[in-house]
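This one's a predicted model, so the numbers in the text were calculated from it and none came from an experiment.
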Amino acid sequence: MVHFRGGRKAIDIHAYPDLDDFFEDLAQCCRDEVASLYAAGCRYIQMDDTSLAYLCDPQLRAQAKERGDDPNELPHAYAALINAVIDKRPKDLTVAVHLCRGNMQSAWVAEGGYEPVADALFNELHVDAYFLEYDDERSGDFAPLRFVPKTKTVVLGLVSTKTPKLESPKALTARINEAAKYVPLDNLCLSPQCGFASTVHGNEITEDDLWAKLGLVVSTARDVWGEV
């Protein structure tokens with residue numbers, strides 16, 4: 001995310017004439033953070049990432065290309081960067097990544113299915129689980145999930161945090177079963193598509209709406225997987 005916002009032009013050429021040094025220093029900052037969290041007792045870390053989700057959007061891919069980056073290569077570079085942070089993590093530390101297309105005040109920035117980044121996302125990125133937005137048509141279909149290894153978990157973000165309208169439990173179950181055509185049901189989970197307040201402003205829902213949404217997630221999960 002630090003690189004994607006502006007590319008090479010946003011990184012001081014005198015401090016970092018070689019971008020490899022920039023990525024290594026960035027990775028070290030994150031490794032130090034992971035180490036401090038683990039030392040404090042944390043055994044689960046979720047990284048929130050927008051760059052990989054933004055690279056699903058044709059317009060944002062075009063913008064990256066205009067500033068001199070190859071949108072086909074960036075997913076591999078970003079996977080390598082995250083791996084440089086987490087590959088030596090302790091065996092009892094679980095790491096997940098959440099992909100987001102924008103969530104501030106119920107707004108969004110990017111759209112497009114996961115196909116352009118699917119191979120790098122699922123086969124090169126060494127995380128244990130993925131939280132994927134799937135609450136509306138902007139996220140595309142489930143076909144990119146065919147790249148997911150059987151050892152990994154996919155959390156389907158089918159319940160929107162952007163609108164108070166409650167999703168149909170029947171429709172949620174149908175979509176979970178559709179995703180299960182690509183990923184075993186036991187490797188799937190259900191969640192809201194993002195946080196209910198990505199900034200202090202919150203989203204255009206009430207606290208009652210929030211609890212209703214979470215209750216829907218729990219009841220649907222019980223219907224699909226049993227006790228949760």
Side-chain angles (χ1 to χ4, degrees), residues 44-58 60-61 71-80 82-83 86 94-103 108-162 166-195 213-214 216-228:
Y44 171 82
I45 292 175
Q46 178 178 310
M47 298 180 174
D48 282 10
D49 186 274
T50 60
S51 57
L52 288 168
Y54 284 9
L55 283 165
C56 298
D57 188 303
L60 293 177
R61 290 172 64 85
N72 293 318
E73 291 300 321
L74 286 178
H76 305 286
Y78 293 159
I82 295 174
N83 289 342
I86 65 174
T94 298
V95 176
V97 64
H98 164 62
L99 271 67
C100 180
R101 294 170 175 79
N103 189 57
W108 55 271
V109 177
E111 58 186 332
Y114 295 98
E115 194 69 30
V117 302
D119 194 14
L121 176 65
F122 298 127
N123 289 317
E124 296 180 22
L125 188 55
H126 300 160
V127 296
D128 303 298
Y130 303 89
F131 285 75
L132 302 179
E133 290 189 320
Y134 267 120
D135 59 320
D136 60 28
E137 65 280 354
R138 289 188 304 106
S139 302
D141 60 26
F142 295 123
L145 299 182
R146 68 188 184 278
F147 288 97
V148 178
K150 294 182 179 179
T151 57
K152 296 190 176 186
T153 298
V154 171
V155 185
L156 301 172
L158 300 175
V159 175
S160 178
T161 65
K162 300 179 186 297
L166 277 179
E167 290 78 2
S168 157
K170 184 177 180 180
L172 290 176
T173 299
R175 296 200 70 199
I176 293 169
N177 289 332
E178 183 181 349
K181 296 176 182 177
Y182 302 96
V183 178
L185 188 60
D186 286 345
N187 289 32
L188 294 174
C189 303
L190 175 65
S191 78
Q193 115 280 346
C194 196
K213 293 270 186 172
L214 291 177
L216 175 63
V217 169
V218 172
S219 62
T220 303
R222 282 179 174 150
D223 288 342
V224 175
W225 290 283
E227 289 299 315
V228 296

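A search for salt bridge (charged side-chain N to carboxylate O under 4.0 Å, His left out) contacts involving Asp128 returns Arg89, not counting sequence neighbours. Residues passing the salt bridge (charged side-chain N to carboxylate O under 4.0 Å, His left out) test with Lys213 are Glu167, sequence neighbours excluded.
With contacts defined as side-chain heavy-atom distances shorter than 4.5 Å, the pair Leu156/Leu188 qualifies. You'll find the side chain of Val224 reaches within 4.5 Å of the side chain of Leu185, heavy atoms only. Side-chain contact between Leu74 and Ser51 is absent, with no heavy-atom pair separated by less than 4.5 Å. Thr94 has its side chain out of reach of Ile45: every pair of non-hydrogen atoms, C-beta onward, lies at least 4.5 Å apart. The side-chain heavy atoms of Leu125 and Asn83, taken from C-beta on, include a pair separated by under 4.5 Å. Considering only heavy atoms from C-beta on, His98 comes within 4.5 Å of Glu133 through its side chain. At a threshold of 4.5 Å between non-hydrogen side-chain atoms, the residues Thr153 and Cys189 count as touching. Looking at heavy atoms from C-beta onward, Thr50 lies out of side-chain contact with Leu99 at the 4.5 angstrom threshold.
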task = Start with the C-alpha distance between Glu115 and Phe147, add both sets of side-chain angles, then the distance that settles side-chain contact (heavy atoms from CB on, under 4.5 Å), and finish with yes or no.
result = CA-CA 10 Å; Glu115 194 69 30; Phe147 288 97; 3.8 Å; yes
message = For a side-chain contact (heavy atoms from CB on, under 4.5 Å) check, start with the C-alpha distance between Leu190 and Trp225, then their side-chain angles and the critical distance, and finish with the verdict.
response = CA-CA 10 Å; Leu190 175 65; Trp225 290 283; 4.1 Å; yes
ask   = Could you walk me through whether Ile176 and Thr220 pass the side-chain contact (heavy atoms from CB on, under 4.5 Å) check?
value = CA-CA 10 Å; Ile176 293 169; Thr220 303; 4.3 Å; yes
key: Pair Asn72-Arg61, side-chain contact (heavy atoms from CB on, under 4.5 Å): steps then yes or no   = CA-CA 9 Å; Asn72 293 318; Arg61 290 172 64 85; 2.6 Å; yes
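Closest heavy-atom contact between Val117 and Pro75: CG1-CG, 3.8 Å. Closest non-hydrogen pair, Thr161 versus Gln193, comes out as N-OE1, 2.7 Å. Of all the heavy atoms in Val217 and Pro192, the pair that sits closest is CG2-CD, 4.1 Å. Shown here for Cys194 and Cys100, the closest heavy-atom pair between the two residues is SG-SG, 3.7 Å. Nearest heavy atom pair, residue Arg175 against residue Leu158, reads NH1-CD2, 3.5 Å. Across every non-hydrogen atom of Pro144 and Phe122, the tightest pair is O-CE1, 3.5 Å.
Between the side chain of Asn177 and the backbone N or O of Thr173, at least one donor-acceptor pair lies under 3.5 Å. With hydrogens and angles ignored, the 3.5 Å screen pairs no side-chain donor or acceptor of Asp48 with any backbone N or O of Val97. Tyr130 places a side-chain N or O within 3.5 Å of a backbone atom of Leu121 that can act as its donor or acceptor partner.
Distance check: Ile82 CD1 to Met47 CE gives 6.5 Å after rounding to the nearest 0.5 Å. To the nearest 0.5 Å, atom CG of residue Leu55 and atom OH of residue Tyr78 are 6.5 Å apart.
Annotation: cation-pi pair Arg101/Tyr114 present, NZ/CZ under 6.0 Å from the ring centroid and within 45° of its normal.
Centroid-to-centroid, the aromatic rings of Tyr134 and Phe142 come within less than 6.0 Å.
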